[in-house]
Number of protein chains: 4
Amino acid sequence: MIIVVKPGATAEEVDNIKSKLIDFGYTLHISEGSDRTIIGAIGDEDTLRDKPVMSIPGVESVIPILKPYKFISREFKAEDTIIEVKGVKIGGDELAIMAGPCSVESYEQMRLVAERVSSNGAKILRGGAFKPRTSPYAFSGMGEEALKYMRKAADEFNMLMVTELTDPRDLPIVSEYADILQIGARNMQNFRLLKEVGSQPKPVLLKRGMAATFNDFLLAAEHIAKEGNDNIIFCERGIKTFETTTRNTLDLSIVPLIKNASHFPIIVDPSHGTGVKECIAPMSLASVAAGADGIMIEVHPNPVEALSDGDQSLDLDQYDEVMKKLRVIAPAVGKTVA
Amino acid sequence: MIIVVKPGATAEEVDNIKSKLIDFGYTLHISEGSDRTIIGAIGDEDTLRDKPVMSIPGVESVIPILKPYKFISREFKAEDTIIEVKGVKIGGDELAIMAGPCSVESYEQMRLVAERVSSNGAKILRGGAFKPRTSPYAFSGMGEEALKYMRKAADEFNMLMVTELTDPRDLPIVSEYADILQIGARNMQNFRLLKEVGSQPKPVLLKRGMAATFNDFLLAAEHIAKEGNDNIIFCERGIKTFETTTRNTLDLSIVPLIKNASHFPIIVDPSHGTGVKECIAPMSLASVAAGADGIMIEVHPNPVEALSDGDQSLDLDQYDEVMKKLRVIAPAVGKTVA
Amino acid sequence: MIIVVKPGATAEEVDNIKSKLIDFGYTLHISEGSDRTIIGAIGDEDTLRDKPVMSIPGVESVIPILKPYKFISREFKAEDTIIEVKGVKIGGDELAIMAGPCSVESYEQMRLVAERVSSNGAKILRGGAFKPRTSPYAFSGMGEEALKYMRKAADEFNMLMVTELTDPRDLPIVSEYADILQIGARNMQNFRLLKEVGSQPKPVLLKRGMAATFNDFLLAAEHIAKEGNDNIIFCERGIKTFETTTRNTLDLSIVPLIKNASHFPIIVDPSHGTGVKECIAPMSLASVAAGADGIMIEVHPNPVEALSDGDQSLDLDQYDEVMKKLRVIAPAVGKTVA
Amino acid sequence: MIIVVKPGATAEEVDNIKSKLIDFGYTLHISEGSDRTIIGAIGDEDTLRDKPVMSIPGVESVIPILKPYKFISREFKAEDTIIEVKGVKIGGDELAIMAGPCSVESYEQMRLVAERVSSNGAKILRGGAFKPRTSPYAFSGMGEEALKYMRKAADEFNMLMVTELTDPRDLPIVSEYADILQIGARNMQNFRLLKEVGSQPKPVLLKRGMAATFNDFLLAAEHIAKEGNDNIIFCERGIKTFETTTRNTLDLSIVPLIKNASHFPIIVDPSHGTGVKECIAPMSLASVAAGADGIMIEVHPNPVEALSDGDQSLDLDQYDEVMKKLRVIAPAVGKTVA
């Protein structure tokens, strides 16, 4: 940690800063420049992070040096983590394609989607059973019934199943059906929920919060990894910005940033990340070109009848069109499509 | 709901739009202009809100007309809701001052703060027992022990006690001690938690999420009110913007917006809302001048020793200085200080 | 324009709203619903746009229906505009690759870059002569000398030359050398400058402002097109958001949005759009996959010696690597590389 | 400047970093920690700022220590700068109230406003003659005629006159009439314009750009101060955020930040800063409570007839109501109202 002392600080203030820092447990290196005194404070940043150094009179700024996360970092593990469930790999050469409707509506719907997408590159079926909705009057999912339909359709076509968990009390029931547990954007900093999924063995797909910086996102994953779960999949799904033509602003630059900083895979959700139909296919292609390990995409057999988010779902033909183009793009970035 | 038809739409497309809207349950008013056909669709927007109207071919845009919330609105209840707990009122003429440390650290600390702030305008003691922290390595609160210390100190000085609830499973224990349940910014869209606090009788202090628009904030409150709880206190605490000199950007304009749109009171938290010591006192005064019903402010007997957020806490003398100025400002906006 | 009347408005207020609207020059269609009275107001939105309709007592909201731009829209011109300068086309099947250093530093530097990039896909040389810089102490370009070096290098390799214009008083000198005039992000709403470039014949490359919404961006282009210049190239280069790991957040979703709304081409600048070296190559690929008509990319023969923005420049080998991958990706989106 | 070396950097890389830094002109202090090597680089940051240190292989991060501005800082001048024009002071104990319509429409209009506001606290008349407008079809001001009307009305009531300058070519004509030159938000980084107003003697009111950080804002002022003009007035007028209920998000926290960092006064414009009528009065009061040296407020004798921005103008009675409340609030923050 670097502490910059205010230019006008008195000798007493500087001495007090030093003694406080030593009390906090730091070892100090002092550089007295002509413009500023700068103090390098070395210590265990994990335990020292909370100390109110800025509150010591005479301190101008405090600059952390070490990264605030460990288990998720490339420094902790240099090689890519490849997550494997029932023979399906996420994070390897093959793109992980997760497709399905926003909400599970019926077994027949899930079967139709699973049949089509599994025949064209997708090995993971997505769908919502417990839906967090901004409005209390919006459709919030069919609950366990949805889990059953999705599981049945997934099994029929040898697909994995990923679905969202919104409450720690639902962990047993969701785990009974799902292969991958999704933590949604609104719960990215629900730290109690992160702790629960960190303490169980199934892989966790962690969506970026709408107000989460790169650092916040990494730290949310660290909450999970610290509990022992080392099967984490990052998922970029857009952030809140002043641009409201799209529902969110899909921040694809985070893909290379995450690949650099962490050994875990990252996928992109262009459906929620844009919320605008005309953007979904182009941004699916862009996600893979940017280096993502896969995409999560909303596909509905008949979007105009969907119970939720129909406006941002592709139909089955549009899905096929995206996959056709992805097969051209993937080799440029060292990836394959199943 | 207003549906704007694309300028080049064919007669078949327009007919299809109309019949879909009728299928969805709307009654239609058509205006054929020279530039655009505009369809006014009347129906129960609560149940119709989810319909994928944008997905119907030929639709250019869809504009909702009715407000998406009900119980929290001024239309539902014109006069201000004044919340009363053990004789303390929130939302009336008297400013609600909530003061205390970020984290409860000891009984002695709580007693020191309660003694001082209760003697100068504050009737509500705040403090964290279960702390959501961005880093998994940061101090996350003392749990039930903290609740006990806070309760004891509050009782000793006839104060109410407000503290954060982060997990539905903690509701029984937190309710046992607290008078007001706080939902933090990170949980503003934890809809399951909102439902729980909506179904119990204690007042709820709802903090604005860091990515929450005015509308998102109102809808989060509607999640609570819809369950039957009509004792809600809005709390502005800053939003995420590109300005990072302050931890968040305190959006005081939301104070008059909320007062206009809802009958529930709104307070402001300038401590988390700025995260910068030099901003806390000025923004406390500004909050009241903007029309807030109170403030929630971090006060620590010795900020430089605080276990969390010491850098954004006022000490006891600084608290008194803020209160002294508030006593001058309050009458300008029709408020009093106890 | 749709005017929604407040639910509690009196009959006098409604009558006053109507008569004001008629005074302003609108023709009215009234729908009296059970919840709201809604007034459709038809008139010339260009001249009526400024009328203070929200100020009329009893008005709840005002919703514009028509798009606020004309010449740049697909409705005005359905087919893509292909800009052609000295035989080089921008907006057609072939990707427009604009490459070169942030700042022109010497003839030799420009020659080195031009030689290499012109041999691998780039037909347009970029470089800064007049540089807007956040700090008054930063290098702000070599002025006319830079224009000469760039022109000489461009001619030697049959390249077009694009450079930024920051002041209307520089138009004569910049026009003497450049083939395409660039309006930078900081000047996107310098309307007097837009008017100047709109009134002269050279193509204009318009960069998106850091706070510009999709609509602001389109309207800035309309300022140019309205003056008669119909050779406009949009350029996405990132917006300001809370994410500060990258210098800006590159908003690739705007690519399909612009292609839908306007007939003019759009390119992307991933160098300024991210400001982070590890993101430039991936985001270049993503831009093309998203449907951009080209990219503008900073290339320096020796980034570590660059006078400005060396940290976000590719070297010549990295440039070649990007082009190699673009040759694989381009066909997926119907594009070619020269 | 602090350079943090990547943990895995080789000895050769570290040596190369050191020799590059020495080449750039820095003197070095090396700290070899167990986790990281940290290099303190001391030199003239103004000339070194542009060096591409991040591009040197093995560098993990670069942290500037010194502030990037000089003339505007409290370190350069500790005491408040009070600007005085024709006996009117800005930045002293008396609040500077700048009031008037968005656009000058007629002499009669200006006379009506000047008469009323000058009799109640305002000594500075505001009004637009050259208006930057997002739409090319919106009313953009009456030009020199407007300047004449405003000057005449200002003189009649002994007021100063402030108006916006949007183009360096207008400097002579605007200077002929105005006492204070306003640089609008859209031109805050029009560095050529800043240079022009920096080189002439009249005070400059500098509005914060919609995407300008605190640091960007200070540096824009430094562009002016560096040219020799030491009469600068900062003006907060809202930033672009995801919250679009208000036109911009008024960031009042910048008031205490600026007061701490700079000796120049800061005022607030709640009219453009919110764009919502119900917010203007509350945010005017909040601005003063936050410590602003004054406010700039849109007042129109008849907002519903205004040619621009009528929806965000107060009428004359509303203006008086704000002033009445300001007279109560001002003493709390050590200010007076004329």
Side-chain angles (χ1 to χ4, degrees), chain A residues 208 210-218 236 238-261 268 270 273-292 321-322 324-334, chain C residues 208 210-218 236 238-261 268 270 273-292 321-322 324-334:
Chain A
R208 182 183 187 183
M210 284 170 275
T213 61
F214 175 56
N215 207 48
D216 293 338
F217 196 16
L218 292 172
E236 161 64 22
I239 55 174
K240 269 280 177 71
T241 74
F242 65 79
E243 178 56 80
T244 56
T245 308
T246 42
R247 192 190 286 188
N248 295 284
T249 298
L250 194 67
D251 176 20
L252 290 185
S253 302
I254 209 170
V255 173
L257 292 177
I258 290 273
K259 298 303 286 183
N260 252 34
V268 178
T274 67
V276 173
K277 193 162 291 190
E278 72 211 50
C279 294
I280 299 173
M283 295 310 278
S284 298
L285 308 185
S287 300
V288 170
E321 186 65 21
V322 167
K324 187 177 149 197
K325 291 177 177 171
L326 275 190
R327 289 177 196 280
V328 178
I329 291 172
V333 288
Chain C
R208 183 183 186 184
M210 284 170 276
T213 62
F214 175 57
N215 208 47
D216 294 338
F217 196 16
L218 291 171
E236 161 65 22
I239 56 174
K240 269 279 178 71
T241 74
F242 66 78
E243 178 55 80
T244 56
T245 308
T246 42
R247 192 190 286 189
N248 296 284
T249 298
L250 194 68
D251 176 20
L252 289 184
S253 302
I254 208 169
V255 172
L257 293 177
I258 290 272
K259 298 302 288 181
N260 252 34
V268 178
T274 66
V276 173
K277 193 162 291 191
E278 71 211 51
C279 294
I280 300 173
M283 296 310 277
S284 298
L285 309 184
S287 300
V288 170
E321 186 63 21
V322 167
K324 187 178 147 196
K325 292 178 178 171
L326 276 190
R327 288 177 196 281
V328 178
I329 291 173
V333 288

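This structure is a prediction, so every number in the text was calculated from the model and none was measured. The chains referred to below are lettered A, B, ... by the order of the sequence lines, with proteins before strands, and numbering in each begins at 1.
- In this structure the side chain of T245(A) never reaches within 4.5 angstrom of the side chain of N215(C), judged on heavy atoms.
- T241(A) OG1 to D251(C) CG: the interatomic distance, rounded to the nearest 0.5 Å, is 6.5 Å.
- At a threshold of 4.5 Å between non-hydrogen side-chain atoms, the residues T244(A) and T213(C) do not count as touching.
- Looking at V255(C), there are no atoms closer than 4.5 Å to chain A (heavy atoms on both sides), in backbone or side chain.
- In this structure, the side chains of I329(A) and V328(C) stay at 4.5 Å or more apart for every pair of heavy atoms.
- Minimum interatomic distance between A290(A) and P282(C) (heavy atoms only, all atoms of both residues): O-CB, 3.5 Å.
- When heavy atoms are compared at a cutoff of 4.5 Å, V288(A) does not approach chain C at all.
- Contacts of S253(C) with chain A are made by both backbone and side-chain atoms, with heavy-atom separations under 4.5 Å.
- Atom OG1 of T274(C) sits about 8.5 Å away from atom CG of L257(A), to the nearest 0.5 Å.
- With rounding to the nearest 0.5 Å, the separation of CD1 in I254(C) from OG1 in T246(A) is 8.5 Å.
- Each side-chain hydrogen bond (donor to acceptor under 3.5 Å, both in side chains) pair with one or both residues in residues 275-284 of chain A, not counting sequence neighbours, appears once here: K277(A)-S55(B), E278(A)-N260(C).
- Between K240(C) and E243(A) there is no salt bridge, since no side-chain nitrogen of the basic residue lies less than 4.0 Å from a carboxylate oxygen of the acidic one.
- Within the model, atoms CG of L252(A) and CG of L252(C) stand 5.5 Å from one another, a figure rounded to the nearest 0.5 Å.
- For a residue to count as touching a neighbouring chain, one of its non-hydrogen atoms must lie under 4.5 Å from one of that chain's; by this rule A330(C) does not touch chain A.
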